[in-house]
Visitor: 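Encoded as structure tokens, here's the structure I'll be asking about.
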Amino acid sequence: MRIDDLTVRYGAFTAVDGVTLEIPPGRIVGLVGESGSGKSSVARAVSGLVPHTGSVTGASRIQMIFQDPYASLDPRMRVGDSVGEALLHLPRRARAAEVTRLLGMVSLPPETAPSYPRELSGGQRQRVAIARALAADPDLLVADEITSALDVSVQGSILNLIRSLRDRTGLPILFISHNLAVVRYVCDEIAVMHRGRVVEHGHTVDLVSSPADPYTRTLLEAVPRLRR
Amino acid sequence: MLRTPAAIAGAALAALMVVLAVIGPPIWGDAAELVNAGAILQGSSAAHPLGTDNLGRDLLARVLVAGRYSLQLALAAALIGASAGIVLGALPSVLPARAGRLVTGAVNALVAFPGLLLAMFTAVVAGLGARGAVLGIGAAIAPGFARLTQTLAASVSGADYVAAARMLRVPRHRILARHVLPNIAEPLILNLTQALGGALLGLAGMSFLGLGVQPPDYDWGRLLFDGFGRIYIHPEVALGPAAAIALAGIGFNLLGDALARRAARTPVRTPRSRQERPAAAADAGETEPGAVLDVAGLTVTFPSGVTPVRGVSLSVRPGEIVGLVGESGSGKSLTAAAVGGLVPYPGTVSHERLRLCGEDVANLSRKQLGTSLAMVFQDPMASLNPALKIGGQLAEVAVVHQGATREDARRRAVDRLGHVHLPEPEKQAARHPHQLSGGMRQRAVIAMGLMGDPKLIIADEPTTALDVTVQRQILRLLREVVEESGAGALFISHDIAVVGELCDRVVVMYAGRVVEELPVDRLADGAAHPYTRALISSLPDMDTDRALPLASIPGRQPAPAEVGAGCAFAPRCPLATGRCATDRPALEAHGHDHRVACWEAS
Amino acid sequence: MRRPLIRRLVRFAVSLAVLVLAAFAMIHLIPGDPVRASLGPAAPVELVETRRAALGLDLPPHEQLAAYVSGLVTGDMGTSFLTGEPVTAVIAARLPNTLALALLATVVALLAAVPLGMWAAVRTENGRNRGTEATFGSVTSAVVAIPEFLYAIALVAVFAIGLGLLPPAGKAGPESYLLPVLALALGPAAMIARIARVETLRVLGTDYVRLARAKRLPAARLHLRHVLPNTLTATLTLGGLLLGSLIAGSVLVEYVFAWPGLGGKIVEAITQKDYPVAQGVILVYGAIVLLVNLLVDVVLGVLDPTSAIKES
């Protein structure tokens, strides 16, 4: 899966300026940057939600998980129907079985299927959103700030889920976050975005221990740390 | 769904009108047509309570019969207007972008145009009569409906769940049928009631001007037209139709109001709760000498019995930054609001002790409070008054509380802005808030706090809305300000890493109570409460072992209404015993400067 | 600031052009022959032909439009079918009376409604005083629901006919303004009061007001300096839109009070099929509405420093 020379413009404003990025199979590539760096526009362009120039090759079934699990599920649709919407080609019974399997993959009990989103917690909703994305049998998952609307105590379990999905399915994942510590923990590689461009891209350990770009260094220094 | 008296009255009136439309003509139809040459143009009498018209027909009967026609015409106009409007409103999402913008522009221009003018235009073209009036009023209703449809459709089709469905390659018609329509149909249908009321009044107006229904047909407006000519002799002949129009108008409007409000509201249920026992007094502890803030037994209760803050005690010493951490719903922000005297109305604050610099807050004057307390909120975009220049907002405290002249206050404001390292403070003072970046605004808010003589700075998530690099600068500034002014600071945050970096002491809250209080250098390794430890280990930082799964806490924090008798954390706690579920542990000393509320703390 | 102003002017010019086109088209959209329709089936053919020629109806449409537009530029809007007076003269004589009524009503409505709405908001903030909230809500929505011509009739019945205190119709001294202005202002005032309350509640909930409260500012200063200016944008926007509907309402009120304004004239022109007058008056009404919207836009641009940003 490869992104080549991706550019996104909103009117006269260039949000993403010629981004090239490769996401190898079975790896989580993190995209980090501050607000306005263009990282979310990359996510939306890769998912085909905003007009862009440049090419996205090697993946045809791209699914995205959104930041706000309260806005990304139709409030008038049962959880099972939302997850099953990608499975309309299956007969009813097979579809129900598949929904149960998918809910299981994100550690939700089958009883979740008939409930409405408003009955679930933020963490549970985000799991439903992940299950819905998986239902489309994606070959790339785009996760856009998926834990920033969640409490810290819930965040960990979602991050673990993302990592275990990669381990179990080998699904490549583009993981977008403003939080460098989260990206460092989850991702195999990190790409740093600044003003619409990728300023540095490398393996997580290398990039964190010996950043080459001055902006990456600034970003790393700004991450708050507990004094030990 | 219709709980307010106004909504009930509206529904009753509207129902009455519908009943009248159904039963009116069969019952009074003959009486309304009965010509009586002996009783022409009479005023009110026992036989004809509302008088008679120029053919001696009974006006009361005619008013009762005219209801059906009035309502029919209004319904026709409302339906024409609503259908045309929905089509117009849906067009931009189907048409190519340029044509869509054209339609949107036309609709926006028409919305501003008074309906009656459109209706008169149509009346000229289509000729006098009911048909012209109905078309005209329909045309007048359409733009508003088009705008409503556009707004609703835009908000729904911009929603993440529609984007998700599009990515799932759900066919377009199915997205429309399953996601868009169900989420906009209800408000559209409910707004039809309002449109019906509007159409009824519009048509009445047209007929009243003689431009609508023409004889021998009659609706309420036409009856009023006839009656108005005789108002100097028999005012009562105008009364019947006028009352009918007014009642119908009020009925449909009140009902429409209630329905439209219901359509706009998202169904949020507030939890009802059990009554909480009075907060235990044992937490109070001793006064902390020399502290800038000394709080004991602080409780915030809402009338429904919900108690989001329960007996919180904490203190802040001069030059010290105390971090107050907890997840959303822990009561930390409300604690800060209570200390600042800003708890919103239905909430009531009680405390055993609330002292600022050793003085009971109740004894402090507005001036003392206004100058010695500085507050900083989360969203720097929202914390400054958009209508006032930065300099003027800062100068305010000095003018109001310190009796400074405008010129002195302004000079001091510029000086304070320079103090928080805003470049070119003179220039910034003359600017409006929207001309500053988020980080600069937060500096200006901090400078505002420094206008007085701050003893305590309350900062409620001041860096949450900022980028990490800006966050770092603001944290440095806060530390600098505290060290220079000798004020104490209460720093509220959900991010224990930020607190760990900035603060001297940390107070951890869970479900409205303080569960642990410890010096910051013990946070990483010396935390005693299982919740504090779980919070730290679930937060990934730059040293987290990537080979291990991240810790997370199962379950969720109980809502204020769900807190029971025992330790609120017990259901999620790996160390919990039977005792934890029934008896709440008190906050007790656990080494130097360290207090913890846990039976199992080691 | 300058760019949005130019954009607004362009928008105004385009709307005005569309309006002129619509007014021109109005006569042509009338099914059949407007002159015949106006004069009736009994009128002699020669008269109809003369009238048609005088109106230029026998010319090709584009020449008619050109003639109409050039006429407008020179202040020529044709002559009345009924009286033979120039339409421009009819309008010039009556427009000031209509404007006086509408402007007075707007001022009265704003002066009464904004303080009322703010007072209701402060009193009912966060669900305080639920009784006040319910009363305010149902009273204003009932007042809004009653059309202005019913107020006009009721006021005439009570104060002019019943009590004989004020003149029932016509424009004479200052006291003759009282009832029409009141009839016209009541509904918009209730509407603006509702908007002002909602806006005030919104502003009362903002962080900058919390901050102002934390500074322990006196209540008067808090409300007048921090709350009021920030509620005005939305209140005036909707107030401006209401002014448009108020001009329409003036037609009905003028009719009731036999006010010598444009309203009575247009009703007469439509019922008597005096098309040149109807066309002229509708054009003037439309132009006034457009002008009011432009003015509201410009005033807001000056008042609200952030609107320049919202625009882009």
Side-chain angles (χ1 to χ4, degrees), chain A residues 34-36 44 47-49 61-68 71-77 81-82 85-86 88 118 121-123 129 132-133 135-136 151-160 163-164 178-182 184-186 204-205 208 218-228, chain B residues 159-171 174 178-179 182-183 266-268 327-329 438 466-473 475 494-502 520-521 523-525 531 534-544 546 549-554 556-557 572:
Chain A
E34 298 187 299
S35 56
R44 295 203 161 242
S47 312
L49 293 176
R61 299 183 307 278
I62 300 166
Q63 289 299 315
M64 178 165 153
I65 310 158
F66 298 85
Q67 170 172 358
D68 183 359
S72 68
L73 296 174
D74 189 335
R76 283 166 202 273
M77 228 187 212
D81 293 338
S82 276
E85 210 168 26
L88 295 174
R118 61 172 176 273
S121 71
R132 176 180 58 185
D151 263 326
V152 188
S153 64
V154 183
Q155 167 176 276
S157 66
I158 298 288
L159 297 181
N160 290 337
R163 280 165 44 123
S164 84
H178 69 284
N179 187 331
L180 202 54
V182 165
R184 171 191 165 276
Y185 177 73
V186 175
T204 300
V205 179
V208 170
T218 320
L219 214 52
L220 279 167
E221 278 163 18
V223 175
R225 286 160 208 256
L226 284 180
R227 279 174 255 162
R228 283 179 201 265
Chain B
D160 283 350
Y161 58 82
V162 172
R166 287 219 302 271
M167 273 187 307
L168 292 174
R169 306 278 155 82
V170 175
R174 195 183 149 88
R178 290 295 312 256
H179 295 288
N183 283 298
T266 44
V268 179
E327 296 180 279
S328 50
L466 304 174
D467 278 324
V468 268
T469 48
V470 184
Q471 163 171 286
R472 186 172 199 81
Q473 297 161 7
L475 295 182
H494 70 285
D495 188 337
I496 205 161
V498 171
V499 167
E501 185 159 290
L502 174 72
V520 77
D521 49 15
L523 193 56
D525 308 307
Y531 175 66
L535 211 51
I536 292 163
S537 59
S538 64
L539 183 83
D541 69 7
M542 299 310 282
D543 307 308
T544 307
R546 298 174 63 231
L550 206 54
S552 68
I553 314 176
R556 61 178 180 86
Q557 182 173 236
R572 305 170 77 184

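Just so we're clear, the structure is a prediction, and the values are computed from it rather than from any experiment. All chains are named by letter (A, B, ...) in the order of the sequence lines, taking the proteins before the strands, and each is independently numbered beginning at 1.
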Visitor: Using a 4.5 angstrom heavy-atom cutoff, name the option from Asn183(B), Leu550(B), Asp495(B), Ile553(B) with the most pairs to chain A.
Guide: Leu550(B)

Visitor: Under 4.5 Å heavy-atom distance to chain B, tell me which part of Leu159(A) shows up: side chain, backbone, both or neither.
Guide: side chain

Visitor: Where on Met77(A) is there a heavy atom nearer than 4.5 Å to chain B: the side chain, the backbone, both, or neither?
Guide: side chain

Visitor: How many angstroms lie between atom CG of Asn160(A) and atom OG of Ser538(B), to the nearest 0.5 angstrom?
Guide: 10.5 Å

Visitor: Is a side-chain donor or acceptor of Glu85(A) paired with a backbone partner of Leu168(B) at a separation under 3.5 angstrom?
Guide: no

Visitor: Top residue by heavy-atom pair count (under 4.5 Å) with chain A, among Ala165(B), Ala159(B), Pro182(B)?
Guide: Pro182(B)

Visitor: Is there a side-chain contact between Met542(B) and Leu180(A), using heavy atoms and a 4.5 Å cut-off?
Guide: yes

Visitor: Under a 4.5 Å heavy-atom cut-off, does chain B meet the side chain of Ser164(A), its backbone, both or neither?
Guide: neither

Visitor: Is chain A contacted by the side chain of Arg178(B), its backbone, both, or neither, given a heavy-atom distance below 4.5 Å?
Guide: both

Visitor: Relative to chain B, which segment of Asn179(A) carries a heavy atom at a distance below 4.5 Å: side chain, backbone, both, or neither?
Guide: neither

Visitor: For chain B, find which of Leu219(A), Thr218(A), Ile62(A), Thr204(A) contributes the most heavy-atom pairs closer than 4.5 angstrom.
Guide: Thr204(A)

Visitor: What residue in Ser35(A), Gly36(A), Gly123(A), Ala135(A) has the most heavy-atom pairs under 4.5 Å with chain B?
Guide: Ser35(A)

Visitor: CZ of Arg169(B): more than 12 outside heavy atoms within 6.0 angstrom?
Guide: no

Visitor: Flag the pair Tyr161(B) / Pro75(A) as yes when at least one side-chain heavy-atom distance between them is below 4.5 Å, and no otherwise.
Guide: yes

Visitor: If you count heavy-atom pairs under 4.5 Å with chain B, which of Ala133(A), Pro224(A), Gly156(A), Ser121(A) comes out on top?
Guide: Pro224(A)

Visitor: Are any non-hydrogen side-chain atoms of Val223(A) and Asp541(B) less than 4.5 angstrom apart?
Guide: no

Visitor: How long is the straight-line distance from CG of Leu88(A) back to CZ of Arg174(B), given to the nearest 0.5 Å?
Guide: 4.5 Å

Visitor: Can you tell me which of His178(A), Gln155(A), Arg132(A) forms the most heavy-atom pairs within a distance under 4.5 Å of chain B?
Guide: Arg132(A)

Visitor: Arg546(B) versus chain A, heavy atoms under 4.5 Å apart: side chain, backbone, both or neither?
Guide: both

Visitor: Please find the pair of heavy atoms, one from Leu535(B) and one from Val152(A), that lie closest to each other, and give the distance.
Guide: O-CG1, 4.4 Å

Visitor: Just so I know, are the side chains of Ser153(A) and Arg572(B) near enough to count as touching, which here means a heavy-atom distance under 4.5 Å?
Guide: yes

Visitor: I need the minimum non-hydrogen distance between Tyr185(A) and Pro540(B), along with the two atoms involved.
Guide: CB-CB, 4.1 Å

Visitor: Does any part of the side chain of Thr544(B), heavy atoms only, come nearer than 4.5 Å to the side chain of Arg184(A), both counted from C-beta?
Guide: yes

Visitor: Taking side chain as everything from C-beta outward and backbone as N, CA, C, O, which of these in Val468(B) sits under 4.5 Å from a heavy atom of chain A? Side chain, backbone, both or neither.
Guide: both

Visitor: Checking Gln471(B) against chain A: side chain, backbone, both or neither under 4.5 Å from a heavy atom?
Guide: side chain

Visitor: Name the region of Ala551(B), side chain, backbone, both or neither, that has any atom closer than 4.5 Å to a heavy atom of chain A.
Guide: backbone

